[in-house]
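Below, all heavy atoms of this structure are taken into account, side chains as well, without hydrogens, waters or symmetry copies. Along the sequence shown, residues are numbered consecutively beginning with 1. Fair warning: this is a prediction, and the values are worked out from it, not measured in the lab.
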Amino acid sequence: MGPFDNHTTADFAGDLDEAGSEERETMIRGELKGAADPTNYLDASEWEQAVASAAHGCRTAP
């Protein structure tokens, strides 16, 4: 099972596809910053989106 193989992350991937490049970067950074904040409790869908954001970043990095 990959990072985009559930409904939450499939929807998130669709949102990324529809966003412009600057908005996409903001969305990804927001997910990763939220996941890295030790005071922020993440539910399962937030974790899934953070993992998908990291996978997207790795996939698109030069």
Might you point out which heavy atoms bring Leu32 and Ala50 nearest each other, and give the distance in Å?
-> CD2-O, 3.6 Å

Using the test side-chain hydrogen bond (donor to acceptor under 3.5 Å, both in side chains), find all partners of Asn40 that sit at least two apart in sequence or belong to another chain.
-> none

Ser45: side-chain hydrogen bond (donor to acceptor under 3.5 Å, both in side chains) partners, not counting sequence neighbours | Asp43

Which pairs count as side chain to side chain donor-acceptor pair (under 3.5 Å) when at least one residue sits in residues 9-20, sequence neighbours excluded?
-> Asn6-Thr9

Cluster check Leu16, Val51: I/L/V/M/F/W/Y, side chain < 4.5 angstrom = no

Just wondering, do Glu31 and Phe12 contact through their side chains at under 4.5 Å, heavy atoms?
-> yes

Under the side chain to side chain contact (heavy atoms under 4.5 Å, CB included) test, which residues partner Ala19, sequence neighbours left out?
-> Glu23, Arg24, Met27

Would you please name every residue forming a salt bridge (Lys or Arg N to Asp or Glu O under 4.0 Å) with Glu25, sequence neighbours left out?
-> Arg29

Apart from Trp47 itself, which Ile, Leu, Val, Met, Phe, Trp or Tyr residues share its cluster (side-chain heavy atoms under 4.5 Å, direct or through members)?
-> Leu42

